[in-house]
Amino acid sequence: MCSIHSRVVKVFKRLLLVLGAAGAVGLLARLRGKGGVPPTSGGWRELEGPEFR
Amino acid sequence: MTTALVVGLGAVGTRAARQLIDTPGIARILLADRDAEQLAEVADAFGADAQAIDFSPGDPLPGDIDVVVTALPAGVDHPVVTAAIAAGVPVASSEEEHDALEQLRALDPNARGAGIAVGVGCGLAPGLVDALARHAASMFETVDEIRVARTGWAGPASVATVRYERRVPVRTWHDRTWREDHPHSDSLVWFPEPIGARDCRTVTGATALLVDAFPDVARIGVQLGEPPKRTRLRRRFGDEGEWGAARVEVWGRRDGAFDCTVYGVVERTAVAAGAVLAVVGAQLAGALQPPIDRPGVQGLGSLVDPVPFLAELAQRGVRAAAFEGVAVA
């Protein structure tokens, strides 16, 4: 009885660990987005002059 | 004496009314809103040049109006625009939701037949970015692709439209045909600082207005940023969205090479949208140069001359920027 109980607890702990790891990976992916609509280097300059270029 | 009727006094309409009062060519504005308390408050704040009137969508227009400016929740503009076309009065509308835009675009033959100009999607994006796309496209021999993105919203109605656009199936313009798709996942889009990179999702939005303006361009895409989460505080006190940003990328060939121009804007979304709406309204009324008199229902990519339009907005504090760096396809 005691052995069955400890096995259930162990499986439950592993399940929690797996769910936690999956959640962390999901959160990281969610925060980082897919990326890829750069530009990733350079800067912004206000449009000026008579032609606004 | 030039008179403008402003219908809808939310975050955008109130700012548009303020900008119109400050436009020298506009002598008087009439204000209408379903919230009588808000209407009286705004009319009092604007002084003797503003007058509150009892007008609701579906009513005939009052007489002696030179332009109608609408900043209403999605889908409410149609009866106002119909009444304006019937009365021979030009309209500037901030409508941005795709189904409502389709209904307004369906009025194009009526507007052309009556010789009336109707500007729709007069905001930050759609709106200012469409004019920027036209401006950028003038620097290319051929344009292959236009990508537009916006983050930010101008009041609760705008938030509701963004949420709706992001969750419904998408129609995109791909290889010069419409393609239907499920809602896409988010991707990062880089806006000018201090907004920076934001998650945005491809939506239908005002793609059709850009397709009308650039029918020969093979691919046109519109993306919207993630709206704020629903919270009890936001439900109770609302969320005006504060700062927003927009960006337009135009890809094409110039001087025999494939190249890209990227323009962006950072501004409080309601302020930018209000300024754009007011400038278009004033040009439609002939109170600002150059006047707009091209009949039909159109977005700003077709309707405005970009350089004087950008110059007028810059005078009002809404300034665009160009990206200088390495753009990656």
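- The shortest side-chain heavy-atom distance between B:V262 and A:W44 falls under the 4.5 Å cut-off.
- Comparing B:P308, B:A321, B:G264 by heavy-atom pairs within less than 4.5 Å of chain A, the highest count is held by B:A321.
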Stepwise side-chain contact (heavy atoms from CB on, under 4.5 Å) check, A:E48 with B:R319: CA-CA 9 Å; A:E48 56 195 359; B:R319 295 184 174 86; over 6 Å; no
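- In terms of heavy-atom proximity, B:V307 sits nearest to A:P50 at CG1-O, 3.3 Å.
- Between atom CZ of residue A:F52 and atom CZ of residue B:F309 there is a gap of 11.5 Å, rounded to the nearest 0.5 Å.
- Contact annotation: the side chain of A:E51 never approaches that of B:P306 to less than 4.5 Å [non-hydrogen atoms, C-beta and beyond].
- B:A136 does not touch chain A: none of its heavy atoms, backbone or side chain, sits under 4.5 Å away.
- Proximity to chain A is limited to the backbone of B:F191, based on heavy atoms less than 4.5 angstrom apart.
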